[in-house]
Every structure is written in C-alpha cells, then in structure tokens.
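What follows is one structure encoded as structure tokens, with my remarks underneath.
To find a chain, count down the sequence lines: A is the first, B the second, and so on, and within it residues start at 1.
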Number of protein chains: 2
Amino acid sequence: MITLTEENYIKAIYHLGNNGENIVNTNAIAEEMRTKASSVSDMIKKLSEKNYVDYKKYQGVTLTADGKFVAINIIRKHRLWEVFLVEKLNFSWDEVHEVAEHLEHIKSEKLINQLEAFLEFPKHDPHGDPIPDKEGNFHHIEKIVLSKAEIGTVYKCVGVDDTSTSFLKYLDSNKIALGTLITIIHKEPYDNSIKIRLDDTEIVVSQSVAKNLYLEMVN
Amino acid sequence: MITLTEENYIKAIYHLGNNGENIVNTNAIAEEMRTKASSVSDMIKKLSEKNYVDYKKYQGVTLTADGKFVAINIIRKHRLWEVFLVEKLNFSWDEVHEVAEHLEHIKSEKLINQLEAFLEFPKHDPHGDPIPDKEGNFHHIEKIVLSKAEIGTVYKCVGVDDTSTSFLKYLDSNKIALGTLITIIHKEPYDNSIKIRLDDTEIVVSQSVAKNLYLEMVN
DNA sequence: AAATATTTTTAGTCTTATCTAAATTTTATT
DNA sequence: AATAAAATTTAGATAAGACTAAAAATATTT
Ligand SMILES: [Mn+2]
Ligand SMILES: [Mn+2]
Ligand SMILES: [Mn+2]
Ligand SMILES: [Mn+2]
C-alpha cells in the first residue's frame, strides 16, 4: 500500500531527476515539495525501505524500477485527467493542474483505462506533455524550443515548459495555442527577443517566452 | 478546512440519522465506519468543536445545518460521479460505489458543477437515488417498496435500497433494471414472496428482494 | 590541509486518526 | 431500589507526516 504523500514524493523525484535518470538531492526535493529537508530525510528512508528509491546516506536518491513505474503511472493519470477537464468539462489549460493534482491519486485501474478510452487515447495533455500508455511507454515527438528556432522556417506550437497560469494566460491573450503555426521573422541579438508571424499578426516575444515554448517543424 | 475522514464521518451520521433528522449513537457510527467506539468518541468531539454536530455526552449526535450541508454536498458529488462512471466509462451499477467513495472527496466547485452540466443535470444516480442540486435540494419522487405493491397494478422500477454487488447482480441476471416495468401477479402470504411479470417472463422474488426494490406507479 | 560554509541527518515535538484497556454513565433486569 | 449489562468516554499508545534545533557529513575557500 502506497500513500498519497509517498506518491507525491516519488513524482517529485522523477521530475527533478530528469525522468528518473539522475540522482536527486534532499534540498531539491524539499523545495519542490514545499517542506523541510528533515521531513524529506524521513520520507526517503521510508521510500528506500519500500524499495521505491536507492539511497546512500548523504548521497541523494535515485528511483528504482518500481519507483519509476509508480511515477509514470501517476503522471499518466494526471495528464489524462487534465485532458478530461479541458476536453469535456470546459476547463482552460491554466486551470487544470491543481484539480489533476488530486485526481491523480484515485486508485482504480479500470477507471483510468476507461477514461483513456473515453478520451480516445490522447497522446498529449493540454500543455503538450506526452501521456504514457498502460505499459508506461511515452509517445515522443521531435520538438525544439522557440529560442533555438531558425529564421524563415514555419513551426507548429506543440508544448510549453512553464505551465504557470500567468504564462498560459499570456499565450491566450496573444492567440498562441497548441497547434498554432509560427514563422520566425527576426531574432534580435541584443536582448534575444524574437519576432514571429502568427495567423495574421506579427508579434515580438521576449527571451523568457521563447525559452518556454516548444515547436515542431512543419514540412 | 475539513479532512477526508471528517467528511466520511459526517456522511455516515447523515445516513444513519435518516438524512440528518434523528439522533445517532456512537456504536452505530462505529459499525458503519468499521472502527471502534472510542475512535468515534474522539471524532465526535472534533466535529462538535467545528460545529458540524450537536453533541451532549452519552446522548448521541445530530448534524447541525453546517453538517447537513457538508453531507449533502458529498452525496451530490458521490452520485454525480456514479452517473459519470456508468454513463461515460461503461462501469456497471455494482462497480461504481467504491470508486465514487474516493472521488466524492475531490474539492473543486467548478469540477462538480461542470461535471453535472456535462452529464446533463441527472436527477438520479445509477441506483435510483436522488442527486441534490448546487443548493442542496433533492428531487423527490413517489416511490413504494415492492413488498407493499398491489396485485394487478403496473409499476416501474425506480431504485434499490440494497446496493450490494450480490443484489445488483441478482437483478441483472433476472433482467430487472431501473425503468423496467413490473406487474404484480401474486403475493404469497406463506413466505411473503411475490410473483411478478416482466417484459415477457414471470418470476417469483423472495421477501428480501421485495423489500429492497423501489417502484413507482405507472398511469 | 585547515577553516568555513553548505547539505543532510538525527533527536525530540506536534497533530490526526487509530487502537486497547479501564473507567464512567446510562439502560435493563431482578 | 439495587444490581447487572450495555453503551460511551477517558487514558495511554502507536504510526504517519510534518516541524525546529542540533549534530554530523560533505563541499568549498582560504
Ligand atoms: Mn498530487
Ligand atoms: Mn500538464
Ligand atoms: Mn468517502
Ligand atoms: Mn448510488
């Protein structure tokens, strides 16, 4: 039996360790979980006893295969619920995260598999993040960040790195959504801002925007 | 802030006290919650301090207006999720209760109101129980229990009292569902069994079945 | 290589929700 | 009305998950 709190720790470790690949430090987890390092130490011991993480004192943790499986399953649930909220319940993409944070802990294989079928097996959540299938396999797409895009080329917007309400609302107000076509017009070396053409307008986006928007080549 | 456990206790008190009307005893709550009377005493004290119940030592509890409001809201969520599971995710009516038991605790006004709209404002859950609206009003229908039905009359099946898997599966196997038309053919005084006509068959149901099936007059 | 700074762990508390055992109150029976 | 039985509450423990303060280990500077 795994608790809600353990699930959240495992998910945090998965994300902080670049999808379960790298070692993660105590302080990093504490910051991500908005708790204290001492609480993290306690929890790490428990996760280690339950074989969700490999742990040597003072040396940080990595997820075991079991831990990765748990993490991927929670992410699967989180993202499927996000799709449900946007597609069926008219939530906007900046409203879904908090509710999904709770829904992801509902434990029912049948529920999540039927939900996936009901949503017609979506491959990406409302922020463009891939949804793992029942076996934990991700559907990867070739994407680059806007700040690395090339002048004159046409791209399609396929994801965001920052999922904060303020960034998503910024995109809304500038008519940028997943699927929007973007042509790179000019890259300003002075401040790394980028001028782009959308449907019928041209706008300049700052470096911080350009670093948080993912694009896919259009052929 | 109300915890998941507090919500479950309040719901239990609501049901045991005939929808929040009667006094409920400690032992009854303990049995319903599958816990010990001493734990119930502790929780009652907390609920009383938070003004969800009126409580005098050794005299049992009743829900306050606040307590009733909480209870009705959880029931609203529970039943809407049950409808969702049956209508959209192909759960059968004997599979929904356990999952709804968890989903009912997700805290988001928007989520539940949008879900209600998505389901087109259902008035009853898959077991025929009424779903309160946002303000807590129930939609009541005139229903009687099969054991009190009159010979020769045609009724429509509108609900069940027992929602156990075994009873619901019994009804399934006898082709009795919500909406099924039932004509009373004979009431056997010896064992209180009842012979009924369904679509094209006639069956005899025992007293315990007859006491758990709700009917509505058809004119 | 010491000294200092940072990170991590341990020790000791707190709260919530549970339990068992014992004490108390209420109810039922003689 | 006294006694026995049943219901309820209290007392004292436990486990999970958090915290603060202090100790220990590791990393960084001098
Ligand atoms: Mn979560
Ligand atoms: Mn997302
Ligand atoms: Mn519940
Ligand atoms: Mn129901």
I'd like a list of close polar pairs between nucleotides 25-28 of chain C and the protein, N/O only, cut-off under 3.5 Å.
| unit_1 | atom_1 | unit_2 | atom_2 | d |
| --- | --- | --- | --- | --- |
| dT25(C) | O4' | Y58(B) | OH | 3.4 |

Exercise. Answer with yes or no whether the side chains of H78(A) and D125(A) bring together a donor and an acceptor at under 3.5 Å.
Key: no
Quiz prompt | Donor-acceptor pair between D66(B) and T64(B) side chains, under 3.5 angstrom | solution = no
Tell me the interatomic distance from [X], atom [atom1], to [N], atom [atom2], rounded to whole angstroms.
X	N	atom1	atom2	answer
L47(A)	dT9(C)	CG	C1'	16 Å
K56(B)	dT8(D)	NZ	P	15 Å
N8(A)	dA16(D)	CG	P	17 Å
M43(A)	dT10(C)	CE	C1'	17 Å
I2(A)	dA16(D)	CD1	C1'	14 Å
D42(A)	dT10(C)	CG	P	9 Å
K45(B)	dT18(C)	NZ	P	14 Å

Practice problem: Would you mind reporting whether Y155(A) and E216(A) have side-chain heavy atoms less than 4.5 Å apart? | Solution: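 E216(A) does not reach Y155(A) side chain to side chain.
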Practice problem: Measure up the W81(B) and F84(B) rings against each other and bin them: parallel (under 30°), tilted (30 to 60°), perpendicular (over 60°). | Solution: perpendicular
Do any side-chain nitrogens or oxygens of [X] fall under 4.0 Å of OP1 or OP2 in [N]?
X	N	answer
S39(A)	dA18(D)	no
Y55(A)	dT8(C)	no
Y9(B)	dT16(C)	no

Self-check item: K110(B) vs E98(A), salt bridge (Lys or Arg N to Asp or Glu O under 4.0 Å): CA-CA, chis, key distance, verdict
Solution: CA-CA 12 Å; K110(B) 174 156 188 170; E98(A) 199 195 313; over 6 Å; no
Self-check item: Those residues that, when tested against D94(B), pass salt bridge (charged side-chain N to carboxylate O under 4.0 Å, His left out) (two or more places apart)
Solution: K169(B)
Quiz item: side chain to side chain donor-acceptor pair (under 3.5 Å): which pairs involve residues 135-145 of chain B, sequence neighbours left out?
Solution: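 Counting only pairs at least two positions apart or across chains, the side chain to side chain donor-acceptor pair (under 3.5 Å) contacts touching residues 135-145 of chain B are D133(B)-N137(B).
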Exercise. Kindly check if the number of other-residue, nucleotide or ligand heavy atoms within 6.0 Å of CD (E150(B)) is above 12?
Key: no
Self-check item: From CA spacing to verdict: salt bridge (Lys or Arg N to Asp or Glu O under 4.0 Å), E32(A), K11(A)
Solution: CA-CA 10 Å; E32(A) 175 82 8; K11(A) 193 176 65 153; over 6 Å; no
Self-check item: Closest non-hydrogen atom pair between I176(A) and C157(A), with its separation
Solution: CG2-SG, 4.2 Å
Self-check item: Within residues 13-20 of chain A, residues whose heavy atoms come under 4.0 Å of DNA chain C
Solution: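 Under 4.0 Å from DNA chain C: no residue of residues 13-20 of chain A.
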Practice problem: Go through the structure and list residues passing ring pair (Phe, Tyr, Trp, His ring centres under 6.0 Å) with Y52(B), not counting sequence neighbours. | Solution: none
Practice problem: May I ask you to list the residues of residues 22-38 of chain B, by number, that have any heavy atom positioned under 4.0 Å from an atom of DNA chain D? | Solution: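 N25(B), T26(B), N27(B), A37(B), S38(B), in order of number.
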